[in-house]
Amino acid sequence: MSENLNDLRTFLLVAETGSFTKAAAQLGVSQSALSHAVRGLETRLGVKLLNRTTRNVSTTAAGEQLQQRLRPLFDDIDEQINALGSFRNSLSGTLRINSTEHALGTVLWQKFQQFMQRYPDIRLELTCETRFSNIVAERFDAGIRLGDDVEKDMIAVRVSDDLRMCVAASPAYLARHGTPKTPFELTEHQCGAMRLMTLGNLLVWEFADPLNEGKVAKVQPQGQFIANQTNLLVQFALADLGLIWIPTDSIQAQLADGRLLTVLDDWAMVYQGYHLYYPSRRADSPIFQALVKSLKV
């Protein structure tokens, strides 16, 4: 039986999003049109593919099998179509990349800007998250994380220099509350904490002991303020409310004009730089090779 590829793609998107509403929004069509297409597919195949309730959509056993077998086939079709760009001297396609706000917006934005200018027919979708996502399961082409956080079964390419952290506060806050001399004095201060979305825990502050090479001191931030975005932590510090632990390059402007000052510089932690990571099946894609060439250091 010859089946409509568009209807199969529609089914895949509904199955992967778990929602007719989300799938319809991504495709720019009505929910009723999407539902009609999937029901028509089920009728022609003579098998139910999706379980529907008022709140969610899930695959049946048959739907799960079809989804698992169709996805790599459609991925291969997309890759082969994108590969044709080498015959027309221009690359086209879509790249979906998952990373953090700091990596995408501060460290690598200039490289991405140059990439888009060089390849105007490539659509670039960047998703910022503090949680660690499964890039394969969530349909991302690649992820960008610090070197120590990269999944071990992925190909990894370094795309930035090392990352230096700092503790910062406003001059007014330090004048009122004093300057901590060691990380262990931070328990006496108001500290803006970062909520991590993967497990819901608070980010622990880490410090390199200047007297014991290789030893790391860890401090759980204490205080009345918690956020899951770096820019909110910066606003907290600028409002003279407390100390923050943050990548130094995120507050270069505030440090340059004196609105923020760093403390505990001798204890500053330095992490291995950001890496672009991706599954091996992406390695031969022309548009992916272009991305790696543009980002790597």
- Item | SG on Cys191 to CG on Leu233, rounded to 0.5 Å | 11.0 Å

- Query: Would a hydrophobic clustering, with Ile, Leu, Val, Met, Phe, Trp and Tyr connected at side-chain separations under 4.5 Å, put Phe112 with Leu276?
  - Reply: yes

- Shared hydrophobic cluster for Leu12 and Leu66 (ILVMFWY, side-chain gaps under 4.5 Å): yes

- Query: Taking C-beta and beyond as the side chain, do Val47 and Leu49 meet within less than 4.5 Å on heavy atoms?
  - Reply: yes

- Is a side-chain N or O of Gln252 found less than 3.5 angstrom from the main chain of Ser250, in a donor-acceptor match? no

- Mind checking whether Pro279 and Ile135 have side chains closer than 4.5 Å, heavy atoms only? yes

- Message: Keeping Arg69 on the side-chain end and Glu64 on the backbone end, is there a donor-acceptor pair under 3.5 Å?
- Response: no

- Message: Please check: side-chain N/O of Arg164 versus main-chain N/O of Ala268, any donor-acceptor pairing under 3.5 Å?
- Response: no

- Can you tell me how far the CG atom of Leu243 sits from the OG1 atom of Thr179, to the nearest 0.5 Å? 8.5 Å

- Flag side-chain contact, heavy atom, 4.5 Å: Met154 against Val136: yes

- Task: Carefully, step by step, assess Phe20 and Arg52 under the rule side chain to side chain contact (heavy atoms under 4.5 Å, CB included).
- Result: CA-CA 10 Å; Phe20 279 100; Arg52 303 162 174 83; 3.8 Å; yes

- Do the non-hydrogen side-chain atoms of Met269 and Val216 ever get within less than 4.5 Å of each other? yes

- Task: Answer yes or no: does atom CE of Met116 have more than 12 heavy-atom neighbours from other residues, nucleotides or ligands under 6.0 Å?
- Result: yes

- Could you tell me whether the side chain of Lys48 and the main chain of Thr59 form a donor-acceptor pair under 3.5 Å? no

- Note on the structure: One should read off an interatomic distance between Thr230 OG1 and Ile244 CD1, to the nearest 0.5 angstrom, of 8.5 Å

- Message: Count I, L, V, M, F, W, Y as connected when their side-chain heavy atoms are under 4.5 Å apart, and connections chain through other members. Are Leu126 and Phe288 then in the same cluster?
- Response: yes

- Task: Take the angle between the ring planes of Phe184 and Trp267 and call it parallel below 30°, perpendicular above 60°, tilted in between.
- Result: perpendicular

- Query: Looking only at heavy atoms, which two atoms of Ser133 and Tyr277 are closest? And how far apart?
  - Reply: O-OH, 4.2 Å

- Do the side-chain N and O atoms of Asp7 and Thr10 include a donor-acceptor pair separated by under 3.5 angstrom? no

- Query: Can you tell me if Ser160 uses its side chain to pair, donor with acceptor, with the backbone of Tyr274 under 3.5 Å?
  - Reply: yes

- Message: Just by distance, no angles: are the side chains of Ser30 and Ser32 close enough, under 3.5 Å, to form a donor-acceptor pair?
- Response: yes

- Item | Heavy-atom check, side chain of Arg259 versus side chain of Ser170, under 4.5 Å | no

- Message: Over 60° means perpendicular and under 30° means parallel, so tell me whether Trp245 and Trp205 are parallel, tilted or perpendicular.
- Response: parallel

- Query: Which pair of heavy atoms, one from Ala169 and one from Gly242, lies closest together, and at what distance?
  - Reply: CB-O, 3.7 Å

- Message: For Arg145 versus Glu129, what's the shortest heavy-atom pair and its separation?
- Response: NH2-O, 3.6 Å

- Message: I need the Thr60 OG1 to Glu42 CD distance, nearest 0.5 Å.
- Response: 7.5 Å

- side chain to side chain contact (heavy atoms under 4.5 Å, CB included) between Ile97 and Leu291, worked out: CA-CA 11 Å; Ile97 301 172; Leu291 177 69; 3.6 Å; yes

- If you round to the nearest 0.5 Å, how far is CZ of Arg195 from CG of Leu232? 14.0 Å

- Can a donor-acceptor pair be found between the side chains of Thr127 and Asn98 at a distance below 3.5 Å? no

- Between Leu264 and Phe207, the two heavy atoms sitting closest are CD1-CE2, 4.1 Å

- Check: Lys111 side chain, Leu295 main-chain N or O, donor-acceptor pair, under 3.5 Å: yes

- Task: Look at the side-chain heavy atoms of Ile, Leu, Val, Met, Phe, Trp and Tyr, link any pair under 4.5 Å apart, and say whether Leu50 and Phe74 land in one connected group.
- Result: yes

- More than 12 heavy atoms from other groups under 6.0 Å of CD on Gln113: yes

- Query: Val204 versus Val219: any side-chain heavy-atom pair under 4.5 Å?
  - Reply: no

- Item | Residue pair Tyr271 / Glu206, side-chain donor-acceptor N/O under 3.5 Å | yes

- Message: Can you confirm whether Leu108 sits close enough to Ile144 that some side-chain heavy atom of one is under 4.5 Å from a side-chain heavy atom of the other?
- Response: yes

- Residue pair Arg158, Gln272: steps toward the side chain to side chain contact (heavy atoms under 4.5 Å, CB included) verdict: CA-CA 9 Å; Arg158 190 181 180 105; Gln272 193 177 56; 3.5 Å; yes

- Query: If only atom types and distance count, is the side chain of Arg96 paired as donor or acceptor with the main-chain N or O of Thr94 below 3.5 Å?
  - Reply: no

- Query: Can you tell if the side chain of Ile251 reaches within under 4.5 Å of the side chain of Cys166, non-hydrogen atoms only?
  - Reply: yes

- Do Phe115 and Val107 belong together in a cluster built from hydrophobic side chains that touch within less than 4.5 Å? yes

- Message: Taking Gly273's backbone N and O only, do any of them form a donor-acceptor pair with His275's side chain (distance below 3.5 Å, no angle check)?
- Response: yes

- Rounded to the nearest 0.5 Å, the CG atom of Leu163 sits from the OG1 atom of Thr248 at a distance of 7.5 Å

- Neighbour count above 12 (heavy atom, 6.0 Å) for Arg123 CZ: no

- Note on the structure: Residues Gln254 and Asp257: closest non-hydrogen pair is O-OD1, 2.9 Å

- For Ser92 and Ile287, work out which heavy atoms get closest and say how close. O-CG2, 3.6 Å

- Item | Verdict with reasoning, His102 to Thr130, per side chain to side chain contact (heavy atoms under 4.5 Å, CB included) | CA-CA 10 Å; His102 175 252; Thr130 55; over 6 Å; no

